[in-house]
Enquirer: 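Pasting a structure here, questions to come.
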Amino acid sequence: MRSLNLLFVLMSVLIFCSCGSRVEAENVVSIIPQPVKVEIKTGTWELMPNAVIVYKNDAARSVAQMLAENLRKPTGFSVNVKNAKNGDIRLVLNEVADSLIGDEGYALFVSSNGVEISANKPAGLFYGVQTFMQLFPKEIESKDLLRVKWTIPVVRITDYPRFKWRGLMLDVSRHFFTPEEVEAYIDEMVKAKMNTLHWHLTDDNGWRVEIKSYPKLTEVGAWRVERYGAFGTYRDPQPGEPATYGGFYTQDEIRKIVKYAEERFVTIMPEIDVPGHSMAAIASYPYLCCTQDTSIKVNPGTEFATWYDDGSFKMFIDNTLNPSDERVYEFLDSVYSEVSALFPSEYIHVGGDECYMGYWEENAECQKLMKQLNTDDPLKLSEYLMSRVEKILEKNGKKMIGWDEILEGEIAPSTAVMNWQSIEKAKEAAHCGHSIVMTPTSNCYLDYMQGDPSVEPPVYASLRLKTCYEFNPVPDGVDEKYILGGQGNLWTEQVATLRHAEYMTYPRAWALAEDFWSPDARKDWGDFCQRLENQFERADIAEVKYSKALYDADIKIFQKNGRKWCEIGTEAPELEVYYTMDGGMPDSFSEKYSEAFEIPDGPVTLRVITYRDNKPIGHLITLDPKIIEERIAVN
Ligand code: ACM
């Protein structure tokens with residue numbers, strides 16, 4: 001009896017220790033993005049109710065105040081900020097710059113007596129603070145007061161980014177996001193040390209920035225008829241139907257958001273997308289396009305283009321500025337000059353993507369301009385327009401950046417290229433000596449589905465978390481000096497709310513943040529997944545939405561020798577996959593997946609579920625016979 005009891009106690013200790021070590025490993029230091037160097041020591045430091053944050057150099061004050069604010073909210077502690085040498089948390093700007101850590105790096109030292117964050121620049125202190133916050137128990141993310149022991153491990157961290165451009169793009173044209181929502185989006189991105197918000201402000205579906213010299217852009221162009229359901233399939237605006245959906249940012253609001261971002265070391269880079277994607281501008285001022293069609297409305301998400309398999313397309317509503325009309329250049333001059341004055345960003349994004357030239361080809365004035373340019377290639381018209389935009393930006397002290405279509409014409413070497421179509425395009429840009437921001441659809445498009453299409457909000461393409469994580473922003477054969485960094489792009493055709501924007505952004509943006517910040521050698525998928533568990537809990541407390549699709553089965557249906565086959569992959573480690581084809585609901589007693597299997601003939605429904613530690617963890621995925629046939633047809 002006694003020996004049985006002893007055995008029981010021993011087993012309990014063993015179980016406790018093995019679980020405990022996993023929990024402890026997660027709780028001790030779990031930072032995203034992974035820092036360059038982390039040395040964990042023994043011991044802890046605890047934040048006390050009378051803690052004081054000190055700084056010596058006034059440039060550090062605003063970071064100190066933001067940190068105090070972050071700490072006060074969940075703890076209820078007073079957390080004072082003082083210009084002094086000694087205190088519990090010291091923010092130090094180096095008198096002699098440490099060349100290793102650069103402008104955004106930091107050193108964070110936690111001892112049992114206190115905390116010191118040192119950096120060359122305030123931005124580095126700010127990123128040190130983001131890491132410091134991640135060392136606390138997850139409850140530090142709470143908006144409400146919580147009673148917790150606010151202890152962090154004794155640790156020394158040295159950290160700095162791999163790339164200087166670490167961005168997210170937010171499309172506010174397809175759906176409008178309020179200033180408060182944009183600021184909330186910034187609040188989250190900075191926790192992952194992202195530093196650039198590419199603000200897609202104009203497109204066919206809404207013009208969102210007040211331009212004083214062209215007031216109709218927001219009186220007319222910011223509003224469309226309201227539609228629900230799948231964007232791209234909506235009914236046309238009906239005669240007399242009021243345009244009630246939309247919104248725009250006044251210049252005062254923009255200045256406020258830019259300042260808010262600057263305080264958090266985020267550069268907001270605006271995009272005014274020309275010469276295509278301009279239907280909202282054309283609805284406001286129809287003379288800007290070749291057809292001068294006064295019936296053109298801000299597009300509410302109706303289909304207005306046919307896309308062909310070779311990537312070409314035809315727009316059957318004119319959404320393109322007329323490159324042969326001088327009034328267009330007056331317009332562009334005013335718009336880009338006003339926008340340049342609003343945004344301190346070094347770069348202004350001019351779009352340049354998916355420009356349909358069919359209306360140019362049918363237009364006599366465009367033909368005349370082509371003759372003058374000694375060409376029969378309408379692409380030269382786009383090049384002509386872009387070179388004039390480049391001069392407008394230059395006059396305003398700005399550099400131009402555009403989607404990689406701008407490489408099809410001749411552009412100045414100082415113009416940067418935002419790579420999206422393929423990695424090959426980045427190689428082309430580097431070959432021509434352009435700086436490049438990497439945002440290829442293959443790894444960076446956050447509007448794509450992140451799990452099985454049967455359980456995700458439908459979008460035409462997929463991008464799973466692991467593919468984001470595996471992204472190396474430097475393509476093979478390209479010199480890293482050309483790569484400014486990278487960016488995740490959130491197009492919002494199917495994203496109407498901030499909660500859904502968060503769901504599409506995270507955790508993929510955390511993976512991208514690690515691609516853009518951490519040394520390649522420090523990246524490890526299994527380790528990232530473990531840190532994500534902690535990150536998910538923190539996001540729950542912060543009330544930030546995210547996707548858990550990494551726990552879902554990745555199902556591929558294909559045809560082999562005239563038979564239907566199924567192959568199932570997993571992303572997160574330690575998942576087990578169970579499935580049924582007999583109509584039953586799968587559980588851990590069902591067939592366990594080990595290798596690709598044949599789906600029998602007949603109206604078979606395939607049901608798949610993932611388990612971890614003997615508990616279901618992923619979505620139940622149900623593929624009925626119709627879905628199975630559809631997937632075979634596209635594979
Ligand atoms: C793009 O996705 N059209 C840049």
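Quick caveat: nothing in here was measured; it's all calculated off a predicted structure. No hydrogens, no waters, no symmetry mates; every other heavy atom, side chains included, goes into these values. Each ligand, and each atom within it, is numbered from 1 in the order the structure gives.
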Enquirer: Give a yes or no on whether a salt bridge exists between K256 and E253, defined as a side-chain N under 4.0 angstrom from a carboxylate O.
Expert: no
Enquirer: L197 pairs by side chain to side chain contact (heavy atoms under 4.5 Å, CB included) with which of I257, V190, V266?
Expert: V266
Enquirer: Between E241 and K297, does any NZ, NE, NH1 or NH2 come within less than 4.0 Å of an OD or OE carboxylate oxygen?
Expert: no
Enquirer: Check ligand 1 against W491 and write out every atom of the ligand that is under 4.0 Å from a heavy-atom position of the residue.
Expert: 1 (C), 2 (O), 4 (C)
Enquirer: Are D204 and R224 within salt-bridge range, i.e. N to O under 4.0 Å?
Expert: no
Enquirer: Can you find an N/O atom of Y445 closer than 3.5 Å to an N/O atom of ligand 1?
Expert: yes
Enquirer: Nearest protein heavy atom to atom 3 (N) of ligand 1, by residue and atom, and its distance?
Expert: D353 OD2, 2.7 Å
Enquirer: Tell me whether E354 has any N or O atom under 3.5 angstrom from an N or O of ligand 1.
Expert: yes
